[in-house]
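What follows is a short report on a single structure.
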Amino acid sequence: MFSGTKGPGEAEAMDGTNLRVLIVHARWNTSLVTPLVEGARKKLQERGVKASNIITQSVPGSWELPIAVQRLYSASQVQASSAPSGDLLGGLGRSSTPVPGASSSSKGTFDAIIAIGVLIKGDTAHFEHIAESVSRGLMRVQLDFGVPVIFGLLTVLNEEQARKRAGLTFDGYNHGEDWGDAAAEMGAKRKL
Ligand SMILES: O=Nc1c(NC[C@H](O)[C@H](O)[C@H](O)CO)[nH]c(=O)[nH]c1=O
């Protein structure tokens with residue numbers, strides 16, 4: 001974790017033993033996204049989250065993150081309150097709404113979600129449109145559904161900035177680790 005003035009400071013010690021966490025990541029810029037996902041996964045497991053309770057799903061690009069987060073969370077709510085079997089991933093195509101009263105501790109639901117993507121600015125306004133819309137979309141999902149959605153969208157001006165934040169340079173560190181810590185903390189606090 002970053003030890004300078006920036007960063008979230010010392011993570012609160014949270015027990016992730018009973019947490020279920022969803023990681024949704026874009027496949028654009030995969031060589032940069034992959035270390036971020038692994039960094040988040042590593043920290044989640046350090047916080048006690050079982051590997052079997054870390055569910056990972058990919059989407060083409062960052063633009064698709066909000067809808068995937070919403071549909072996968074909705075599907076998990078339906079699954080948690082109905083028969084234990086069922087295809088969570090089919091939830092992406094199934095029209096479903098959150099089932100009132102499904103507790104966060106019931107099997108199948110998620111206590112926190114991490115949305116991960118890397119947006120690299122090009123020479124058009126495309127970057128700004130995606131960054132703004134995805135940020136607003138993820139915030140809306142988290143507030144509408146009452147589930148912590150950790151903001152793992154790197155919006156960088158060039159690849160070098162992304163490499164640094166993915167921990168791929170000598171002077172960088174992996175921001176995915178902070179996102180894993182944040183997910184464990186927010187997921188645990190959701191159960192308090
Ligand atoms: O353009 N650059 C990027 C990008 N574009 C694709 C977009 O997210 C979406 O998948 C398509 O527009 C189809 O809807 N997606 C990223 O994650 N990073 C980028 O840097």
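Remember, it's 1-based here, ligands and their atoms both numbered in the order they're listed. What's counted below: heavy atoms across the whole structure, side chains too, no hydrogens, waters or symmetry copies.
Rounding to the nearest 0.5 angstrom, the gap separating the OG1 atom in Thr56 from the NE2 atom in His25 is 6.0 Å.
For the side chain to side chain contact (heavy atoms under 4.5 Å, CB included) test with Ile116, the passing option among Ile150, Val37, Leu154, Thr34 is Val37; the others fail.
Between Val24 and Val59 there is a side-chain heavy-atom pair separated by less than 4.5 Å.
Ring centers of His175 and Tyr173: under 6.0 Å apart, within the cut-off.
Within the structure, the side-chain hydrogen bond (donor to acceptor under 3.5 Å, both in side chains) test picks out the following pairs touching residues 142-162 (sequence neighbours left out): Arg140-Asp144.
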Item checked: Arg47 and Glu185: CA distance, side-chain angles, deciding distance, salt bridge (charged side-chain N to carboxylate O under 4.0 Å, His left out) verdict -> CA-CA 9 Å; Arg47 296 292 176 189; Glu185 179 179 342; over 6 Å; no

Can you list every pair where an N/O of ligand 1 is under 3.5 Å from an N/O on the protein?
| unit_1 | atom_1 | unit_2 | atom_2 | d |
| --- | --- | --- | --- | --- |
| ligand 1 | 1 (O) | His126 | ND1 | 3.3 |
| ligand 1 | 8 (O) | Ser62 | N | 3.2 |
| ligand 1 | 8 (O) | Trp63 | N | 3.0 |
| ligand 1 | 10 (O) | Gly61 | N | 3.4 |
| ligand 1 | 10 (O) | Glu64 | OE1 | 2.7 |
| ligand 1 | 14 (O) | Glu64 | OE2 | 2.5 |
| ligand 1 | 17 (O) | Ser62 | N | 2.9 |
| ligand 1 | 17 (O) | Ser62 | OG | 2.7 |
| ligand 1 | 18 (N) | Val118 | O | 2.8 |
| ligand 1 | 20 (O) | Asn29 | ND2 | 3.4 |
| ligand 1 | 20 (O) | Ile120 | N | 3.2 |

